[in-house]
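Just so you know, residue 1 is the first one in the sequence shown, and it goes up from there.
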Amino acid sequence: MTLKLPTIDVHILTFNEQDILPYTLRHYATFARRIVVHDSFSTDNTRAICSHFGALVKDWDTGGKLNDPMAAELKNNCWKGTDAQWVICVDADELVYFPSGVEFTLHNYMLDQVAVVKPWGFELFSETFPTTNGQIYDEVKMGASDDKWYAKPALFSPVHVQEIGYG
């Protein structure tokens with residue numbers, strides 16, 4: 001049976017993410033219908049990289065400071081009004097990866113009417129920063145489970161969710 005890829009919108013928060021952003025956008029471009037980058041007025045090449053990958057950039061003003069409450073508020077609301085079957089809200093260094101494949105995984109979540117997915121989180125690490133034009137997880141093979149920072153509900157179905165509570 002051939003499974004159809006559901007519609008997926010990805011929202012990524014950025015500020016001066018030129019080093020990691022190509023990997024992030026390359027990853028999500030393999031399955032996302034739309035990628036929206038919420039940028040806090042980066043001063044590096046973040047916007048040019050987004051343009052190269054066809055990501056829509058929206059300004060997000062944090063006053064040049066890390067502001068977790070503002071980030072939570074943005075993630076709680078940026079997706080509203082979408083007609084996508086699934087939404088992913090992440091920071092630029094977070095990849096939602098589907099070891100069994102996107103189509104298979106989301107198809108089964110849809111059959112089970114799953115509303116919010118809390119993935120297993122892993123911190124990748126390497127002696128050197130990746131330099132390939134491929135996927136970061138093809139080059140960086142070391143990592144450790146991280147349930148504190150990276151196991152958060154980054155994937156949800158707006159079909160079943162009216163509000164999300166990032167915090």
Side-chain angles (χ1 to χ4, degrees), residues 5-98 102 106 116-144 146 148-156 158 164-167:
L5 180 67
T7 53
I8 305 163
D9 287 353
V10 178
H11 293 268
I12 304 169
L13 281 62
T14 63
F15 177 70
N16 288 342
E17 304 286 356
Q18 71 180 11
D19 293 335
I20 195 69
L21 194 57
Y23 291 99
T24 307
L25 293 173
R26 194 175 301 122
H27 169 71
Y28 288 119
T30 65
F31 59 82
R33 169 185 73 169
R34 177 181 12 231
I35 300 172
V36 181
V37 174
H38 301 271
D39 185 60
S40 187
F41 299 99
S42 292
T43 58
D44 65 0
N45 290 320
T46 291
R47 288 175 181 262
I49 294 166
C50 290
S51 177
H52 173 78
F53 283 93
L56 172 66
V57 177
K58 291 188 175 184
D59 292 328
W60 174 54
D61 191 0
T62 62
K65 298 176 184 175
L66 179 63
N67 188 317
D68 285 333
M70 283 183 73
E73 183 67 21
L74 179 65
K75 288 179 181 180
N76 286 335
N77 293 295
C78 64
W79 56 274
K80 290 184 177 175
T82 186
D83 63 349
Q85 293 168 290
W86 292 95
V87 170
I88 296 173
C89 291
V90 291
D91 297 338
D93 62 347
E94 298 170 338
L95 306 178
V96 176
Y97 178 71
F98 301 90
V102 179
L106 295 182
V116 179
V117 177
K118 183 179 177 188
W120 290 325
F122 288 88
E123 177 84 29
L124 295 176
F125 52 87
S126 174
E127 293 291 325
T128 59
F129 198 83
T131 59
T132 68
N133 289 325
Q135 299 293 355
I136 196 168
Y137 37 82
D138 290 336
E139 183 174 342
V140 178
K141 299 294 186 183
M142 297 186 65
D146 182 337
K148 180 178 180 185
W149 297 108
Y150 295 111
K152 55 188 172 187
L155 170 66
F156 60 92
I164 197 81
Y166 287 98

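A donor-acceptor contact shorter than 3.5 Å is absent between the side chain of Asp9 and the backbone of Ala84. With hydrogens and angles disregarded, no donor-acceptor distance shorter than 3.5 Å links the side chain of Tyr28 to the backbone of His11.
The aromatic rings of His27 and Tyr97 lie tilted to each other, with the angle between the two planes from 30° to 60°.
Between Phe98 and Leu155 the shortest side-chain heavy-atom distance falls below 4.5 Å. Thr30 places none of its side-chain heavy atoms less than 4.5 Å from the side chain of Val102. Annotation: side chain of Asp83 is not in contact with side chain of Thr7 (no heavy-atom distance under 4.5 Å).
Judged as a salt bridge (charged side-chain N to carboxylate O under 4.0 Å, His left out), not a single pair has a partner in residues 19-30 (not counting sequence neighbours). Residue pairs satisfying the salt bridge (charged side-chain N to carboxylate O under 4.0 Å, His left out) criterion with at least one member in residues 63-79, sequence neighbours excluded, are listed as follows: Lys75-Asp91.
Taken to the nearest 0.5 Å, the SG atom of Cys89 stands 10.5 Å off from the CD atom of Glu94. Taking CH2 from Trp79 and CG from Leu74, the interatomic distance works out to 12.5 Å, rounded to the nearest 0.5 Å. Considering CG of Leu56 and NE2 of His38, their distance stands at 8.0 Å, rounded to 0.5 Å. In this structure, OG1 in Thr43 is found 5.0 Å from CZ in Phe15, a value given to the nearest 0.5 Å. To the nearest 0.5 Å, atom CZ of residue Arg34 and atom OG1 of residue Thr82 are 5.5 Å apart.
Using modelled atom types and a 3.5 Å distance limit, the side chains of Thr46 and Asp39 yield no donor-acceptor pair.
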Evaluate the side-chain contact (heavy atoms from CB on, under 4.5 Å) criterion for residues Val37 and Leu25: first the C-alpha distance (whole Å), next the side-chain angles of each, then the deciding distance (0.1 Å), finally the verdict. CA-CA 9 Å; Val37 174; Leu25 293 173; 4.1 Å; yes

Go through Leu21 and Phe53 one step at a time and tell me if the side-chain contact (heavy atoms from CB on, under 4.5 Å) criterion holds. CA-CA 10 Å; Leu21 194 57; Phe53 283 93; over 6 Å; no

Verdict with reasoning, Leu95 to Thr24, per side-chain contact (heavy atoms from CB on, under 4.5 Å): CA-CA 7 Å; Leu95 306 178; Thr24 307; 4.0 Å; yes

Working for side-chain contact (heavy atoms from CB on, under 4.5 Å), residues Asp44 and Ile49: CA-CA 10 Å; Asp44 65 0; Ile49 294 166; over 6 Å; no

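For Asp61, there are no salt bridge (Lys or Arg N to Asp or Glu O under 4.0 Å) partners, not counting sequence neighbours.
For Lys80, the NZ atom sits in a packed shell: over 12 heavy atoms of surrounding residues, nucleotides or ligands are nearer than 6.0 Å.
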